[in-house]
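We number each residue from 1, following the sequence as shown. All ligand and atom numbering here is 1-based and tracks the order in the structure.
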Amino acid sequence: MDPRSEVLLRQAELFQGSVLLAGLPADDLLGKLPNAHGWCWHAGDQAVLDARFEGRCHFGVNVPEQAFETAVLFVPKARDLTDYVLNALASRLAGRELYLVGEKRSGIEAAAKQLSPFGKPRKVDSARHCQLWLVTVENAPQAVTLESMAQRYKVDLEDGPLTVVSLPGVFSHGRLDRGSALLLQHLDKLPSGEVLDFGCGAGVLGAAVKRRYPHNNVTLLDVDAFATASSRLTLAANGLEGEVLTGDGIDAAPMGLSTILSNPPFHVGVHTDYLATENLLRKARQHLKNGGELRLVANAFLRYQPLIEEHLGVCAVKAQGQGFRVYRAKREKK
Ligand SMILES: C[S@@+](CC[C@H](N)C(=O)[O-])C[C@H]1O[C@@H](n2cnc3c(N)ncnc32)[C@H](O)[C@@H]1O
C-alpha cells in the first residue's frame, strides 16, 4: 500500500461517503473505501486500477461528471497541475471538505498553501513521511478551463516556427527542453513510412517531423493524459494531423514502424520511468520494420548505446552537445 493511502486509512471514518480520489496510486485503496471513486491521468495506473476495480476509476484530464461529496488530491509533482486539479475539485465542493495528501519530500507543505484561496487549510494527520491536509471550501471558485492554463511558445525550425502548446504537468512545460532541441536539429534523412514519437509530452518532436515529412504518418504516444491532450493542441495549432495515443510504454505502440523518435523518460529515483525506457530499447526491434530506425536523444551519462546495440543493431552517436547525445540505430536483419 502506498504510504499516502495508509495515511488516509488511518482516518478512514472521514472517507466512508462518496469520495473522489484524484491522482490516486495504483494500489488497494479503492478496495478499502467501498464508496470511493478514482480520477486518474496515468495510463499505466489506470490499467491496473481498471483491472482490479472495473468502472470505479475515471480516466482523463477533466474532473468526472459524476457527483461526489468530498475529494482527496494526491499531490502531483507539478505545482500548476495541483492548481488546475484543486480548482476543478473545489468548484464542485462549495461548503464541503477538500483534502490534500502527499509525501513531505514531494512538497506537501508548500502544496497545502495552494488550498488557501478556498478557505483556511489545517493539517489533519502526519505519518509515514506524509501529511494529510483539509480545507472546508468557503470560497468555491469558478471552474477554469484546462486550455486557459496552457502555455504557448514558438520553436524556430529550418522550415519555420512551430507553435508548441503545453498543459500543466507536462514535461518541460512552457519551454523547449535542451535535449529535444538537439534532436530537432538532427531530423534529417528519416526513412519514410510510419513514425512514432515515443513519450511525446507536448508533441514537439512528432509535430516537427509531421511538418517536415508530410507524407509520413505520425503517431504520438505518452502515458500521461495531460501530455497527449497537449500533443493534440500542438498538432492543431500547426494545422497538422497525427494519431495521438495515451498508453503505457512501447507495448502500446503500433508495429511496422519506419522510425521511432524519442527523448525518452528519465528521472533519477523514479524507477518506472527508467523501466519504460529500458523496455523501449529492448523492444524497438519488434516495432520497427527491417531498415527502420531508432533515433533518440539522452543525457550523455546514460549508457544506452550498449543496450541499443544488444537489442537492435549498430548504434552511432549522430550528434552531441550540452551534455546530450543523439543516437541513431537501424534494425538489421538477424
Ligand atoms: C523527457 S520527456 C519528453 C517529452 C517530449 N517528447 C519532448 O521532447 O519535450 C519523456 C516523456 O515520456 C513520458 N513517459 C513516461 N513514462 C512513459 C511510459 N511508460 N510510456 C509512454 N510515455 C511515458 C512522460 O510522460 C514524458 O512526457
Student: Considering only heavy atoms from C-beta outward, does the side chain of Leu183 approach that of Leu296 to under 4.5 Å?
Tutor: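 The answer is no; the side chains never approach within 4.5 Å.
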Student: Between Arg56 and Asp50, is the closest basic N to carboxylate O distance under 4.0 Å?
Tutor: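 So Asp50 does not pair with Arg56 through a salt bridge.
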Student: Looking only at heavy atoms of Gly203, does any of them come nearer than 4.0 Å to an atom of ligand 1?
Tutor: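 No heavy atom of Gly203 comes that close to ligand 1.
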Student: Which pairs would a plain distance check flag for residues 206-215, meaning a side-chain donor or acceptor within less than 3.5 Å of a matching protein atom at least two apart in sequence or in another chain?
Tutor:
unit_1, atom_1, unit_2, atom_2, d
Lys210, NZ, Pro214, O, 2.9
Lys210, NZ, Asn216, O, 2.7
Arg211, NE, Asp159, OD2, 3.4
Arg211, NH1, Pro161, O, 2.9
Arg211, NH2, Asp159, OD1, 2.8
Arg211, NH2, Gly160, O, 2.7
Tyr213, OH, Leu187, O, 2.5
Tyr213, OH, Lys189, N, 3.1
Tyr213, OH, Leu190, N, 3.3

Student: With heavy-atom distances below 4.0 Å as the criterion, list the atoms of ligand 1 near Gly247.
Tutor: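 Reading through ligand 1 atom by atom, the close ones are 20 (N), 21 (C).
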Student: Heavy atoms only: give me the nearest Ser262-Leu205 pair and the separation to one decimal.
Tutor: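 Answer, listing the atom of Ser262 first, then Leu205: C-CD1, 4.2 Å.
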Student: Looking at ligand 1, does any of its N/O atoms fall within less than 3.5 Å of an N/O of Gly199?
Tutor: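 Yes, there is a polar N/O contact under 3.5 Å.
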Student: Give the atoms of ligand 1, by number and element, whose distance to some non-hydrogen atom of Gly249 is under 4.0 Å.
Tutor: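 Counting from 1, the qualifying ligand atoms are 18 (C), 19 (N), 20 (N), 21 (C).
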Student: Considering the heavy atoms of Ala276, write down every atom of ligand 1 situated less than 4.0 Å from one of them.
Tutor: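 Result: 18 (C), 19 (N).
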Student: If you measure from each heavy atom of Gly206 to ligand 1, is any distance below 4.0 Å?
Tutor: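 Heavy atoms of Gly206 never come under 4.0 Å of ligand 1.
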Student: What do the steps show when you test Asn35 against Val19 for side chain to side chain contact (heavy atoms under 4.5 Å, CB included), and what is the final call?
Tutor: CA-CA 7 Å; Asn35 297 311; Val19 52; over 6 Å; no
Student: Using modelled atom types and a 3.5 Å cut-off, is there a donor and acceptor pairing between side-chain atoms of Asp27 and backbone atoms of Leu29?
Tutor: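 Yes; at least one donor-acceptor contact below 3.5 Å.
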Student: If I apply the N/O under 3.5 Å rule, does Asp222 come out as touching ligand 1?
Tutor: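 For ligand 1, there is an N or O atom that lies under 3.5 Å from one belonging to Asp222.
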Student: With rounding to the nearest 0.5 Å, note down the distance linking CZ in Arg232 to CD in Glu243.
Tutor: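 Between Arg232 CZ and Glu243 CD, I get 9.5 Å after rounding to 0.5 Å.
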Student: At a non-hydrogen distance cut-off of under 4.0 Å, which region of Pro264 contacts ligand 1 (side chain, backbone, both, or neither)?
Tutor: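 Backbone only.
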Student: Considering only heavy atoms, which of Ala227, Ser180, Ala181 lies nearest to atom 8 (O) of ligand 1?
Tutor: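 Ranked by closest heavy atom to atom 8 (O) of ligand 1, first place is Ser180.
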Student: At the 4.0 Å heavy-atom cut-off, does Asp177 count as touching ligand 1?
Tutor: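 For ligand 1, residue contact (heavy atoms, under 4.0 Å) with Asp177 is absent.
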Student: Ignoring hydrogens, just give me the one of Leu245, Val223, Leu261, Ile250 whose non-hydrogen atom is nearest atom 18 (C) of ligand 1.
Tutor: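 That would be Val223.
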Student: Taking side-chain hydrogen bond (donor to acceptor under 3.5 Å, both in side chains) as the test, write out the residues that go with Gln286, two or more places apart.
Tutor: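 By the side-chain hydrogen bond (donor to acceptor under 3.5 Å, both in side chains) rule, Gln286 matches no residue at all.
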Student: Counting only heavy atoms, which portion of Cys200 has something under 4.0 Å from ligand 1: side chain, backbone, both, or neither?
Tutor: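 Just the backbone.
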Student: Strictly by modelled atom types, are His311 and Arg282 linked by a side-chain donor-acceptor pair under 3.5 Å?
Tutor: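 There is such a pair (donor and acceptor under 3.5 Å, judged by atom type) between the side chains of His311 and Arg282.
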Student: If you measure from each non-hydrogen atom of Asn263 to ligand 1, which part falls under 4.0 Å: side chain, backbone, both or neither?
Tutor: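 Under 4.0 Å from ligand 1, Asn263 contributes backbone and side-chain atoms.
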